[in-house]
Undergrad: 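The structure's right below; bear with me while I get my questions together.
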Amino acid sequence: MKYQAKIVLENKNNSHTLAFDQIQKISSGRKLIILEVGCSSGYFGNALMEQGHEVWGVEPDAIAAEEARKKLSFVHTGFIEDFFTRNENARFDVIVFGDVLEHLVDPVLVLQCCKKFFNLGGCIVASVPNVAHIAIRAMLLEGRWDYSDLGILDRTHLKFYTRSSLAALFADAGYALTSIDPVRISVEQVDEICNLNLTKKSIAAAVDFSKDTCGYDFQYVITAKPRMEGIDSETEHAALNGEGLRVVCMVHSTDSSIVDIRLRNPLNLWANCNGGGCRILSIFEHTISDLEWGDAFVFQRDCNDYAASIIRQLKLAGKKVVFELDDLLLNLPPFLPHHQVTINQNKKFIVEALKTADAVSVSTTELAKQITSLNKQLFVTPNYSESISRHAQQFTTTPDQIKLIVASSDQVLIDFILQPLKMIQDEFSVVVIGIGPPSKILIESGIKTRRFETMSHKEFKNLLASFDNAIGIIPLDDSLFSSCKSAVKYFDYSMAGIPSICSNVLPYKVHISNEKSGILVENETEDWYLAIKKLVLNAAMREDIARNARQSVEQNCNLATSANAWKTLIDSLNIDINKRYSSKINLPSNRGQFFKILKWSALHLFRHGSYAKAYSTIKRHGLVGLFRRVKRA
């Protein structure tokens with residue numbers, strides 16, 4: 001058993017995890033019948049079995065096949081061609097080739113044969129190594145092609161693929177690609193895995209001469225469906241050649257959760273499916289070459305004078321500009337005074353960006369309604385939540401095991417849930433968990449609270465996945481600002497298997513079927529108290545709501561939906577990549593920045609959060625990065 005591994009679903013830069021997540025998205029909560037070709041000892045198929053799927057395996061190694069029989073529904077010892085001959089009546093929803101196609105004599109023929117064994121809507125999920133990784137290019141510069149026991153140049157590989165030739169393989173077999181997800185790792189890691197013994201000089205040369213964006217792609221995880229007659233092949237052609245549109249996102253912090261949710265994840269999926277390219281850059285750290293590379297530029301949320309200047313330069317050069325907004329920043333409520341100063345300073349630039357953008361992306365339909373007077377080219381690119389790996393949820397009615405979670409990354413009004421929570425805690429001794437700013441208010445109100453500080457979105461989802469017997473408490477006021485927000489917190493709770501009680505206001509009443517996929521309550525003490533008490537005492541209801549909520553979010557609020565919305569927006573820009581503009585782009589002048597630095601320093605001198613941001617900037621970009629950030633603030 002040469003290839004044996006443990007599935008670590010938290011690691012998203014891994015072919016097993018990417019394939020697992022794709023299969024879970026395909027399932028949408030239903031049980032699938034899956035064929036895993038090259039199942040080894042059954043470790044991957046077993047992870048799918050634990051999710052309720054039926055998994056068959058094909059494995060030529062007799063020892064590995066015998067081990068797999070202990071874990072999978074059925075295992076055939078032998079090759080896939082022989083399996084097809086002996087099991088003509090078998091049918092599957094998904095056929096998996098995990099690093100197998102490169103070992104086959106005729107992979108096109110095998111893929112064509114698979115079509116006879118699909119249920120309606122069946123598809124392929126496959127992972128294949130990328131022979132065009134920078135490490136392999138560096139080895140070729142040294143005049144070598146050395147096989148190894150593992151990795152890209154495994155000595156048992158009969159075929160070798162790049163991104164484009166892999167897409168061509170599926171096209172030749174009569175399949176349409178639905179996704180291409182890369183696993184990206186460093187040259188040093190590939191050097192070690194493949195035992196290449198590369199020199200630093202050849203690595204540097206390979207990096208210097210590589211002009212594409214696929215150099216660090218170690219593997220590709222592909223999903224593909226049999227092509228229907230008459231299908232438009234433009235998307236496939238772009239995927240084959242990797243020559244699609246290039247999108248550059250200009251953001252304030254490249255490592256923030258909101259950047260991941262709103263831009264990085266959906267646009268990377270769009271790029272993978274459409275042969276495009278996506279770069280996420282700091283508004284404070286970018287080059288002229290970045291601006292010249294992009295076809296379309298997305299500016300996120302607030303916009304200062306420096307960002308407005310860049311937008312003007314891009315427009316002059318014929319580039320397309322998109323302004324991305326997920327909050328009604330032009331109408332902040334009184335309970336967010338800490339944002340008011342910055343927004344007031346930049347309001348005219350935000351309005352200018354909204355008016356001059358070629359398209360505006362917003363998170364909700366209600367938000368679109370509020371800014372339609374500023375730009376008619378409005379597109380809703382909805383928020384979503386992805387699958388959260390967790391153990392089997394436990395639902396009991398033991399009061400002191402119930403956990404009521406109140407979480408937010410910013411200030412929110414929670415006055416109307418304080419008394420109900422205190423009453424419930426006094427009556428049932430439930431555990432109250434506060435995450436972020438609400439925790440301080442809960443404690444000051446006399447509620448015994450297990451407190452957690454504000455954390456990253458990933459940390460938040462992992463924390464949710466660790467709780468049993470949890471109930472999400474999601475209060476929201478009925479202000480115009482709040483009505484324009486998205487229900488992403490409800491999405492996250494649902495994907496973690498946690499039922500939610502939400503205020504009966506937008507956006508929650510759009511997504512929740514009352515007492516089926518959540519509970520909606522009016523912001524009154526008695527209503528909140530009764531709703532919380534009802535769920536605390538009814539484990540079966542919690543379990544039903546959790547199951548229905550997760551299924552609803554998986555089907556209607558997933559990453560693919562957001563990526564498709566971005567595709568619609570990008571297509572509306574009508575960019576002809578064969579006529580890319582070559583006009584000279586100039587960065588805005590630095591004259592007068594000295595006084596802006598003094599102004600920024602005076603404004604932020606006594607703000608605790610400013611020191612934290614300064615430390616983070618220095619840690620990532622050094623003192624020069626901090627200086628540039630201050631100049632452009």
Side-chain angles (χ1 to χ4, degrees), residues 2-3 5 8 11-19 22 38 97-104 107 125-171 177 179-224 238-244 246 264 268-269 271-280 293:
K2 182 165 62 172
Y3 288 100
V8 182
N11 178 13
K12 298 302 181 183
N13 190 43
N14 176 279
S15 63
H16 290 127
T17 304
L18 290 172
Q22 285 291 351
F97 292 90
D99 291 344
V100 169
L101 294 173
E102 64 273 18
H103 295 269
L104 301 180
V125 174
S127 60
V128 178
N130 172 34
V131 76
H133 191 280
I134 293 290
I136 307 302
R137 304 184 201 189
M139 183 187 66
L140 287 170
L141 286 176
E142 296 178 5
R144 297 188 291 115
W145 179 273
D146 297 335
Y147 290 99
S148 62
D149 293 328
L150 296 170
I152 297 173
L153 296 186
D154 183 319
R155 63 184 76 258
T156 63
H157 288 180
L158 301 179
K159 306 287 184 180
F160 299 92
Y161 296 99
T162 63
R163 187 185 194 280
S164 59
S165 65
L166 179 59
L169 165 68
F170 279 86
L177 299 178
S179 70
I180 305 178
D181 294 310
V183 175
R184 296 171 64 83
I185 65 176
S186 68
V187 175
E188 291 73 21
Q189 288 175 287
V190 176
D191 191 7
E192 181 179 351
I193 292 170
C194 299
N195 194 29
L196 299 178
N197 300 311
L198 299 172
T199 65
K200 291 183 179 179
K201 186 176 181 180
S202 64
I203 293 173
V207 171
D208 185 49
F209 283 101
S210 296
K211 304 303 180 184
D212 62 298
T213 60
C214 303
Y216 295 99
D217 295 353
F218 179 70
Q219 285 169 295
Y220 294 106
V221 176
I222 278 184
T223 56
L240 285 171
N241 298 286
E243 296 174 349
R246 302 166 181 171
R264 179 178 283 112
N268 277 342
L269 178 56
N272 287 330
C273 292
N274 296 277
C278 177
R279 292 181 183 177
I280 309 292
W293 179 84

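Sequential numbering from 1 along the given sequence is applied to the chain's residues.
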Undergrad: Roughly how far apart are Gln219 CD and Ile185 CD1, rounded to 0.5 Å?
TA: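 Result: 7.5 Å between the selected atoms.
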Undergrad: Just by distance, do the side chain of Asp191 and the backbone of Val187 share a donor-acceptor pair under 3.5 Å?
TA: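 Answer holds: no.
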Undergrad: Kindly indicate whether the side chain of Gln22, heavy atoms from C-beta on, has any atom under 4.5 Å from the side chain of Asp181.
TA: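 Sidechains of Asp181 and Gln22: in contact.
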Undergrad: Could you pull out all residues at least two apart from Asp146 that satisfy side chain to side chain contact (heavy atoms under 4.5 Å, CB included)?
TA: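 Side chain to side chain contact (heavy atoms under 4.5 Å, CB included) list for Asp146, sorted by chain: Met139, Arg144.
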Undergrad: Evaluate the side chain to side chain contact (heavy atoms under 4.5 Å, CB included) criterion for residues Asp154 and Asp99: first the C-alpha distance (whole Å), next the side-chain angles of each, then the deciding distance (0.1 Å), finally the verdict.
TA: CA-CA 11 Å; Asp154 183 319; Asp99 291 344; over 6 Å; no
Undergrad: Rounded at 0.5 Å granularity, tell me how far CD1 in Ile134 sits from CG in Asp208.
TA: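 Nearest 0.5 Å value for the CD1-CG distance: 10.0 Å.
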Undergrad: Could you check whether any side-chain heavy atom of Leu153 comes within less than 4.5 Å of a side-chain heavy atom of Phe160, counting everything from C-beta outward?
TA: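 With C-beta onward as the side chain, the pair touches.
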Undergrad: The criterion is salt bridge (Lys or Arg N to Asp or Glu O under 4.0 Å); which residues satisfy it with Arg184, sequence neighbours excluded?
TA: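 Salt bridge (Lys or Arg N to Asp or Glu O under 4.0 Å) list for Arg184, sorted by chain: Asp217.
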Undergrad: Verify side chain to side chain contact (heavy atoms under 4.5 Å, CB included) between Phe170 and Thr223, making sure each step is shown before the conclusion.
TA: CA-CA 10 Å; Phe170 279 86; Thr223 56; over 6 Å; no
Undergrad: Output the distance between atom CG (Asn130) and atom CZ (Phe218), rounded to the nearest 0.5 Å.
TA: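 One gets 9.5 Å once the value is rounded to the nearest 0.5 Å.
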Undergrad: Are any non-hydrogen side-chain atoms of Thr156 and Tyr147 less than 4.5 angstrom apart?
TA: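 No, every pair of side-chain atoms sits at 4.5 Å or beyond.
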Undergrad: According to side chain to side chain contact (heavy atoms under 4.5 Å, CB included), who are the partners of Val100, at least two apart in sequence or on a separate chain?
TA: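 Listed in chain order: Val37, Phe97, Leu104.
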Undergrad: Output, in order, the C-alpha distance, side-chain angles, deciding distance and verdict of side chain to side chain contact (heavy atoms under 4.5 Å, CB included) for Lys159 and Leu101.
TA: CA-CA 8 Å; Lys159 306 287 184 180; Leu101 294 173; over 6 Å; no
Undergrad: Between atom CG of Asn195 and atom CG of Leu198, what is the distance when rounded to the nearest 0.5 Å?
TA: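 Answer for the CG-CG pair, Asn195 versus Leu198, is 10.0 Å.
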Undergrad: Distance check, rounded to the nearest 0.5 Å: Ser148 atom OG versus Leu196 atom CG?
TA: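 Separation between the atoms: 6.5 Å.
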